[in-house]
Amino acid sequence: MSPCSLPAHRALLSAFSLLLLPLSLSLLEVPHIARFFGTKTRYEEVNRALLLDPLWVNRSVLRPPPGESCSPVHLTALIRHGSRFPTVKNIQRIRRLSELVRRAGGAEGGEATGGGPRDMLQEIWSWENWYTEDMDGQLVDKGRQDLRLLAQRLQRLLPSLLSEENSFSLKSSSKHRCVSSMEAFQEGLQGGAVGRFSHSVDDELLRFFERCRGYVEGVEKNRSALVEVKRFKEGGEMEGVQGRVALKLGLPPHLLTPDLVEAAFFLCSYELSIRSLNSPWCFLFTEEDARVLEYKSDLKQFWKRFHGHVISGLSSCPLFHHVFRTLDKAGRPRRATDAPPAPTASVLLGHAETLLPLLSLLGLYRDPQPPTADNYQQQHGRSFRSSQIVPYAANLLFVLFDCQRGPRLQLLLNETPVRFPGLPGDDAPLYRDVRAVYRPLLDGCDSARECEGRGGPRAQHRTLIGCRFSGSKI
Ligand SMILES: *[C@@H]1O[C@H](CO)[C@@H](O)[C@H](O)[C@H]1NC(C)=O
Ligand SMILES: *[C@@H]1O[C@H](CO)[C@@H](O)[C@H](O)[C@H]1NC(C)=O
């Protein structure tokens with residue numbers, strides 16, 4: 001990415017905002033299933049106003065009590081990297097799918113037997129696979145743009161914390177897509193200038209999940225930890241999707257495995273998030289099919305990264321403590337004699353795997369029943385939807401205010417207010433009340449003990465997190 005491309009990009013954006021007609025046309029071209037792509041969902045799907053104006057900011061999301069005079073003093077932002085290429089595993093599946101479909105199209109002699117429009121099938125048959133293994137999970141241009149625009153929106157939302165005079169703490173996961181995302185975020189902050197701020201890599205904070213033995217052995221490497229996902233994959237709902245998609249493609253259903261069905265679904269998502277295309281692959285799925293596939297992804301995220309296993313949340317203890325230590329420091333009254341002021345913003349760039357365990361530890365998105373292979377029908381109203389929670393460029397914002405009655409803390413997910421589970425009546429509760437809710441974690445949540453499985457406090461936390469917030473719904 002050249003340092004000069006930002007102003008050009010801005011000019012393009014404002015040209016776009018003047019030309020509403022082509023934009024509303026492109027709105028119509030968004031695939032009908034774009035909201036159901038789980039962690040492969042575009043950020044625009046959770047914030048549709050951005051399709052019209054990518055720099056649109058809703059200032060009323062900041063909600064300290066109207067009667068109290070408050071000013072923001074600190075932002076901690078935990079951000080997921082932007083849109084990226086598929087990883088090798090999915091690139092290989094896409095290749096197998098496109099070869100299978102191409103052979104079938106050839107064998108059919110171009111005869112469409114399915115129920116769908118013929119020209120869509122022709123387009124699928126003649127689709128050229130352009131994904132190569134060296135792309136493996138790298139950030140794409142659209143992903144850089146996701147982060148530049150997010151930085152600019154946050155700057156508009158909190159100008160006193162994110163202007164160029166402020167001091168920032170910037171930390172990223174070591175993965176290429178995260179480092180590139182952090183660079184793009186910095187470009188956004190600096191209005192296109194390069195090199196004013198520097199960031200550091202910190203995997204202890206942002207890739208805690210691979211360092212937590214209890215998590216790696218108990219969940220990551222444990223086949224039975226994801227048994228619900230496996231059962232759903234082999235169950236009736238998925239079989240239904242498989243049959244309908246095979247019929248549209250004119251393929252015998254047994255040739256189309258659940259993995260290949262999912263590859264076609266992801267292909268629709270990638271062509272949208274990388275190239276802004278409504279690809280012919282999207283036409284293979286009804287909205288109901290997409291909901292089933294979304295549920296399959298949610299099951300995986302839930303059992304692998306979320307409330308499914310308490311250790312997932314506990315593995316994020318180092319990040320939890322880091323966030324609260326930063327907020328403690330930022331909330332402390334400052335004296336003129338104090339050494340360098342605390343940074344007004346702390347930006348942490350990681351993965352969906354970084355955000356989900358922390359959200360789990362904080363007790364968010366806990367539904368009355370966990371999602372399983374058997375209760376798809378009862379889960380339509382669930383609050384845990386990875387498409388809404390961890391799309392590309394997902395962000396969890398902790399905004400600390402200085403108010404008359406003391407510091408207050410507000411939480412936002414993807415630029416929308418979210419309430420703390422223990423404090424459902426207040427968008428921006430007093431910081432000391434937030435600390436009281438999380439007191440047992442603030443005093444414990446020792447990753448050495450939790451992750452190495454030493455001693456008994458683990459059982460105690462299980463009770464704390466499992467019961468205290470049970471049934472609370474955000
Ligand atoms: C702006 O945010 C407020 C608070 O979350 C919300 O009630 C309102 O609907 C939002 N406005 C728009 C236009 O989305
Ligand atoms: C693997 O997961 C299952 C189901 O969650 C659990 O009962 C079992 O204890 C786990 N095994 C290990 C080695 O942690």
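Since we're looking at a predicted model, the values are computed, not measured. Order of listing sets the numbers, starting from 1, for every ligand and every atom in it.
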A.B. asks: Pull out every atom of ligand 2 sitting under 4.0 Å from any heavy atom of Ser224, numbered as shown with elements.
C.D. replies: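 With Ser224 as reference, the close atoms of ligand 2 come out as 1 (C), 2 (O), 3 (C), 4 (C).
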A.B. asks: Mind checking the CZ-CG spacing from Arg59 to Leu158? Nearest 0.5 Å is all I need.
C.D. replies: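 Between atom CZ of Arg59 and atom CG of Leu158 there are 9.5 Å.
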A.B. asks: For ligand 1, what are the residues with a heavy-atom contact below 4.0 Å?
C.D. replies: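 Contacting ligand 1 under 4.0 Å are Trp56, Asn58, Ser60, Val61, Arg63, Pro417.
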A.B. asks: Rounded to the nearest 0.5 Å, what's the gap from CG on Asp289 to CZ on Phe36? Could you check?
C.D. replies: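 The CZ atom of Phe36 is 11.0 Å from CG of Asp289, to the nearest 0.5 Å.
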A.B. asks: Are any of the side-chain nitrogens in Lys221 or Glu217 under 4.0 Å away from the carboxylate oxygens of its partner?
C.D. replies: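 Salt bridge absent between Lys221 and Glu217.
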A.B. asks: Which of these passes salt bridge (charged side-chain N to carboxylate O under 4.0 Å, His left out) with Glu220: Lys304, Arg211, Arg213?
C.D. replies: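 So the option named by the test is Lys304.
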A.B. asks: Among all residues two or more places apart in sequence or in another chain, which pass the disulfide (SG to SG under 2.5 Å) test with Cys268?
C.D. replies: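 Cys268: disulfide (SG to SG under 2.5 Å) contacts with Cys282.
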A.B. asks: Examine Glu217 against ligand 2 and note whether any of their N/O atoms are separated by less than 3.5 Å.
C.D. replies: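 So ligand 2 has no N or O lying under 3.5 Å from an N or O of Glu217.
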A.B. asks: Which atoms of ligand 2 are found less than 4.0 Å from any heavy atom of Asn222?
C.D. replies: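 Counting atoms of ligand 2 from 1, those under 4.0 Å from Asn222 are 1 (C), 2 (O), 3 (C), 8 (C), 10 (C), 11 (N), 12 (C), 14 (O).
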A.B. asks: Do any heavy atoms of Arg223 fall under 4.0 Å from ligand 2?
C.D. replies: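 Contact absent.
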A.B. asks: Dump the intermediate steps for side chain to side chain contact (heavy atoms under 4.5 Å, CB included) on Arg35 and Ser387, then the final yes or no.
C.D. replies: CA-CA 7 Å; Arg35 285 174 298 138; Ser387 307; 5.9 Å; no
A.B. asks: Which residues satisfy the side-chain hydrogen bond (donor to acceptor under 3.5 Å, both in side chains) test with Ser447, sequence neighbours excluded?
C.D. replies: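 Ser447 satisfies side-chain hydrogen bond (donor to acceptor under 3.5 Å, both in side chains) with no residue once adjacent residues are dropped.
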A.B. asks: Tell me the ring-ring contact (aromatic ring centres under 6.0 Å, His included) pairs involving residues 377-412, sequence neighbours left out?
C.D. replies: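 For residues 377-412: Phe302-Phe384, Phe306-Phe384, Tyr376-His380.
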